[in-house]
Engineer: 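Before I ask anything, here is the structure I am working with.
Worth knowing before you read on, the calculation uses all heavy atoms, side chains too, and leaves out hydrogens, waters and symmetry mates.
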Amino acid sequence: MKMEKLKVLSTDEIELIHSASMELLSTVGIKIDAPDVRELLQEKGAINNDNTKFVKFPENFIEEQIKKVPSSFKLHGPDGSFNFEVNTHDTIFATIGTPIKIYDPEKKSGIRKSLLDDTIKQIRVVDSLKNIVCSHVDVWPGDIQFTTIHARCIYEWAKNTKKPYGLGVYGKLASTDMMNMVSIVVGGNDELINRPRLVGFFNPTSPLHLPQIMTNGLQIFAKYKQPTIIAPEALAGSSAPVTLAGLLAQTNAEILGGVILAQIINPGAPIFYGTVSHITDMRSGNSAIGSIETGLITAGIAQLARFYNIPSRGPGLVTDSKCFDLQNGFERFQTLLLAAQAGINYITCAGTYEATLVEALELLVIDDELAGMVKRAIEGITVNEDTIGLETIKKVATNEKPGATFLAEKHTRKHMKQELYMPIHKLINRNRRSTWRKKGSKDIIASAREKVEEILRDYNPPELSQDIDSELQEYIKKVEERTINDYMKAEGMTSGSVSLPGTDISIKET
Amino acid sequence: MSLEEQVKELVEKWDEDGLKNLCRSVLDNQEASAEELLEIIGNLMKYIGSQFENEDIFLPDLIGAAGVVKIAIDDVLDPVIRASGSEKKTLGKIVIGTVESDVHSIGKDLVASFLFSNGFDVYNLGVEVTPDEFINKAEEVGAKIIGMSSLLTMSMDFQRQVIEELNKRGLREKYKVIVGGAPTTEEWAEQIGADGWADDAIETVILVKKLIE
């Protein structure tokens, strides 16, 4: 049978958490900055308070909205040739993170600021991998003007991969640019809506707050039916209760808030019920995404997502380590394995370390292998007459030739590739020491580096027509002409700050 | 499909009977001689060996293919060649086995398959092979090389005993003796007076080729 799903909540406990979230949503509500969004929700039956900016949701209203969420959807690459389904029962793997630095063995510190060239390389490497199905704006192009990054990234995505892409739903204007540009690539809005290309990330701010920039962007993503991940990054003990049950109740309310909003904007808008929540380290106050509790929280979220019949997204392959040490290895694997065992449908963060702030393409390739291993684990053990292989056991055991093994048996050959995970990148070293030494005594990072070099050397970019290319470049020029104030105006924000990793932009009201 | 392609398909499918039948019908219809078939099979095994070396295929693929081919050669081609009064072309005959008190066969089987796929005529005696069995077989088939495997430190000393037995019988100079297996080393080989040591299957082929020259 397939591996049974890991459970950290009983059915009664799921009900308790659900009830607690319902109470939060109906009695406290969610703080929503955007007045137009509050108004829209009020029109549809929510209870708005313009003074507090909190919107309360009656329970039956919530349940009605949840019913509209699709339990599966497909994502496509630029030309549509590559696609995958996201549903509530399979597990697939992707990137996502916020790396602003990238591993560089030539630097004394081992890292440097990431640049557009790195962004492109990451997209290309993901395109070449087997188990990592989607890249996102992971590697921050630190050399590109902040206000044009989304446009440049869409352009490079269209030119460098056959897989879908993801971006933060940062505002109406930028999200509209994304839709317009991708429509140029795929041949129109209808094609984009019918066969989605983009994954949006929508991060509620814990506790119980949906910021304006995010709800603005969600309006566009939902309108175009681009699957959007609603994933709070609550930290147990600081932005959520220290108790994991409390964190689940609170973040469930936050996620449902996003889910409701998306369904109100466009009923049937595809959603990932998501999490990146983890804990606060009680000594330093730092977040600890590689903690064992991350896996527990993620497992709880997987169960809640199934309770609502919505595809789930959770982090795996995450670590707080700053180098390629054992901590890096065990944290990325423990978070991955727990997420997979719990049945998270879209496991993300491949290729990252240092709480996803740093990228290593080497890790990306290793993570592709780990994902393959975990997929094998989920398959469990197949038991039937053929797999028990009684005849083969009898044959080998009673073979008159001494030292007979199962190696040359047809049974072995027939089943080996299904039964045994065959490492795809030749990174995992199972040689004897002498052979390993002969081949240069390489550790897995060195082997992975060679693999990355090979991928990038052999890479053949997909074809993008000259017309589309020019049209996209024209579009980017328009985006480049805008100022940060144009964005603030478009988002209806006269002051505030945009805080992204490595970028803090504050606009004071004039 | 060319004859080469037919042979390749049957070998890759591990179809022993199919391969034997093909060889028989080719010989009956005089489409090719036994020597020509042997050459086709030899080239195929070299190709399969190189695939294994490049990690494009897996251990069972190599050992299985070698097993299928060996049966066709022993049952069909070799008798025909012998009947014509000649002997099949080979780079050399090798007797190989795991020494007494040791039942480990995987590494030794891999070495045997790899030697075979590289054109050697291999007599794989299995495991727990006594000094007498090694020497008698070598004498019987006219081998040039005796290869001994050992995976246990406890069984290593039996490699020395085979050499001592060869000395006792005055046959030491007649054979090149090679040893291998996880606990063995080049120093060990020297210490017991073997002619060579190899670390893995690929190196064994290189070593054996050098010794035979």
Engineer: In terms of heavy-atom pairs under 4.5 Å, which option from B:Asp200, B:Asp61, B:Ile106, B:Val103 contacts chain A the most?
Structural biologist: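 Ranked by heavy-atom pairs under 4.5 Å with chain A, first place is B:Asp61.
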Engineer: With a 4.5 angstrom heavy-atom cut-off, could you sort out which part of A:Ser434 is near chain B: side chain, backbone, both or neither?
Structural biologist: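 Its backbone and side chain both get close to chain B.
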Engineer: Can you give me the closest heavy-atom contact between A:Lys410 and B:Lys13, atom names plus distance?
Structural biologist: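 For A:Lys410 and B:Lys13, the tightest heavy-atom pair comes out as CE-O, 4.1 Å.
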Engineer: Indicate the atoms forming the closest heavy-atom contact of A:Lys426 with B:Asp56, along with that distance.
Structural biologist: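 Minimum heavy-atom separation between A:Lys426 and B:Asp56: NZ-OD1, 4.3 Å.
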Engineer: Does CD belonging to A:Glu385 count more than 12 external heavy atoms closer than 6.0 Å?
Structural biologist: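 No - once you tally the heavy atoms of other residues, nucleotides and ligands closer than 6.0 Å, there are 12 at most.
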Engineer: Going from OG1 on A:Thr405 to CD1 on B:Ile63, what distance comes out if it is rounded to the nearest 0.5 angstrom?
Structural biologist: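 Those atoms lie 6.0 Å apart.
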Engineer: Count the heavy atoms of every other residue, nucleotide or ligand shown that sit under 6.0 Å from CZ of B:Arg169, and state whether that count exceeds 12.
Structural biologist: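 Counting other residues, nucleotides and ligands, CZ of B:Arg169 exceeds 12 neighbours.
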Engineer: Could you go through the salt bridge (charged side-chain N to carboxylate O under 4.0 Å, His left out) check for B:Asp199 and A:Arg432 one step at a time?
Structural biologist: CA-CA 9 Å; B:Asp199 200 25; A:Arg432 290 186 302 125; 3.2 Å; yes
Engineer: Does a sphere of radius 6.0 Å around CD in B:Glu139 hold more than 12 heavy atoms from other residues, nucleotides or ligands, not counting ones at 6.0 Å or beyond?
Structural biologist: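 Atom CD in B:Glu139 is crowded, with more than 12 foreign heavy atoms closer than 6.0 Å.
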Engineer: Looking at chain A, which one of B:Val127, B:Ile202, B:Leu110, B:Leu125 has the largest number of heavy-atom pairs inside 4.5 Å, strictly under?
Structural biologist: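 Highest number of heavy-atom pairs under 4.5 Å: B:Val127.
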Engineer: Select one option (side chain, backbone, both, neither) describing which atoms of B:Glu55 are under 4.5 Å from chain A's heavy atoms.
Structural biologist: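 Contact with chain A involves both backbone and side-chain atoms of B:Glu55.
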Engineer: Report the distance from atom CG of B:Leu59 to atom CE of A:Met416, rounding to the nearest 0.5 Å.
Structural biologist: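 Between B:Leu59 CG and A:Met416 CE, I get 8.5 Å after rounding to 0.5 Å.
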Engineer: Do other residues, nucleotides or ligands put more than 12 heavy atoms under 6.0 Å from A:Lys438 NZ?
Structural biologist: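 Result for NZ/A:Lys438: enclosed.
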Engineer: Taking B:Gly126, B:Ala65, B:Gly64, B:Pro60 one by one, which has the highest count of heavy-atom pairs under 4.5 Å against chain A?
Structural biologist: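 Highest number of heavy-atom pairs under 4.5 Å: B:Pro60.
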Engineer: State the CH2-CZ distance between B:Trp14 and A:Arg413, to the nearest 0.5 angstrom.
Structural biologist: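 Here the interatomic distance stands at 5.0 Å.
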